[in-house]
Amino acid sequence: MTPQPSGFRLTPQALFGLLVLAFGLLLTADNLRLLDADEILRYWPLGLVTVGLLKILQASGTSGRVAGGLLTVFGLLLTAEHVLYWNVDVEDWWPLALVALGVMILTRTVGGGEASGLPSADGRVSDFAFWSGKVRRNASPGFQRGDLTAIMGGVELDLRGASAAPGGAIIDVFVMWGGIEIWVPPDWAVSNEVMVLMGGVEDRSSGAQDTRNRLTIRGFCVMGGIEIGTKT
């Protein structure tokens, strides 16, 4: 069985739910004329900052930390523009995404990262696609964790030669204007916990729920797509 921690755990999905809940309560209070929602909604970019910081703290690999850093910087820029009334042109700051990508590439080079498309026996996988496409195969006998990020790009992860670690495996995903494909063996059961905003997740896996190999996929899909399927 996939391990489920007891009690409440603050994940990006849980934080997104809390933000939606707070937004609904705020609009209700505004309709009842208990407060002015417009004054509070000026601070909405701080939600992006919070999600980004949480992503950085909980990321299992470089790609997750890069995605969290980009969200944090973008949220701070919007906060400065809408709250502090600074004259900030976000278009002037987009090259920071290239800086973050360069840092990630250098980190992988120093650490001896795997070549795209080649099978790996490591129990963890982390990949980041920005304006590009990545193909990764993993044949670990005890696959544990994955961290996949696709921003205006695509990532394909092939797990057909792998087995899940005892207790199950977890893959954290973040998709924005991109796509992720995950292929699992026929004896893998997939639990989809992805939060979707103006996007889609298609789960075509066929594994029985009582199988030993269990995979939980969680994270965010914003204006993008995620496909999960079974291949022999």
Side-chain angles (χ1 to χ4, degrees), residues 1-5 9 11-13 54-71 104 107-108 111-130 132-151 153-176 178-196 199 201-205 207 211-222 224-231:
M1 297 292 291
T2 302
Q4 299 291 337
R9 188 169 64 91
T11 64
Q13 297 94 315
L54 187 63
K55 181 72 174 175
I56 293 173
L57 293 175
Q58 296 188 347
S60 59
T62 304
S63 63
R65 289 188 287 271
V66 170
L70 290 176
L71 279 177
M104 188 204 69
T107 302
R108 286 177 176 270
E114 303 166 17
S116 179
L118 297 180
S120 166
D122 191 3
R124 295 173 178 261
V125 62
S126 178
D127 236 325
F128 178 89
F130 180 72
S132 62
K134 295 288 189 68
V135 178
R136 178 67 62 88
R137 294 169 55 198
N138 189 287
S140 170
F143 181 76
Q144 297 176 317
R145 292 294 300 270
D147 192 336
L148 307 177
T149 299
I151 300 177
V155 176
E156 179 180 350
L157 175 60
D158 188 345
L159 296 172
R160 286 178 294 173
S163 297
I170 296 175
I171 295 179
D172 289 302
V173 298
F174 181 82
V175 179
M176 178 175 287
I180 290 179
E181 295 181 8
I182 300 175
W183 303 103
V184 298
D187 61 341
W188 280 48
V190 178
S191 176
N192 174 24
E193 299 180 1
V194 179
M195 299 290 298
V196 181
V201 178
E202 182 179 5
D203 184 358
R204 296 188 288 107
S205 60
T211 183
R212 185 191 72 83
N213 293 299
R214 304 184 64 84
L215 173 64
T216 299
I217 302 177
R218 62 191 188 186
F220 289 102
C221 179
V222 182
I226 298 176
E227 182 179 358
I228 309 161
T230 296
K231 279 187 177 182

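Fair warning: this is a prediction, and the values are worked out from it, not measured in the lab.
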Taking all heavy atoms of [X] and all of [Y], pick out the closest pair and write down the distance.
X	Y	answer
S140	G123	OG-CA, 3.5 Å
S205	V184	CB-CG2, 4.2 Å
A164	R212	O-NH1, 3.2 Å
I226	C221	CD1-CB, 4.0 Å

Residues which pass side chain to side chain donor-acceptor pair (under 3.5 Å) with [X], listed by chain and number, not counting sequence neighbours:
X	value
N192	none
E156	W183
S163	none

- Message: Quick one, V201 and I228 - any side-chain contact, counting heavy atoms below 4.5 Å?
- Response: yes
- Side chain proximity check, L159 to V125, heavy atoms < 4.5 angstrom: no
- Only counting residues at least two apart or in another chain, list the ones meeting side-chain contact (heavy atoms from CB on, under 4.5 Å) with V155. D127, A129, K134, L148, A150, I180
Could you grab the distance from atom [atom1] of [X] to atom [atom2] of [Y], nearest 0.5 Å is fine?
X	Y	atom1	atom2	result
I151	S132	CD1	OG	10.5 Å
R136	L157	CZ	CG	8.0 Å
I182	N138	CD1	CG	12.0 Å

- Message: Could you check whether any side-chain N or O of R124 sits under 3.5 Å from a backbone N or O of D147, counting only pairs where one atom can act as donor and the other as acceptor?
- Response: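 A pair under 3.5 Å: no.
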- Task: Would you check if the side chain of D172 reaches a backbone N or O of G219 as a donor-acceptor pair within less than 3.5 Å?
- Result: no
- Item | Mutual orientation of the aromatic rings belonging to F143 and W188 [parallel < 30°, tilted 30-60°, perpendicular > 60°] |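 Tilted, since the angle between the ring planes falls between 30° and 60°.
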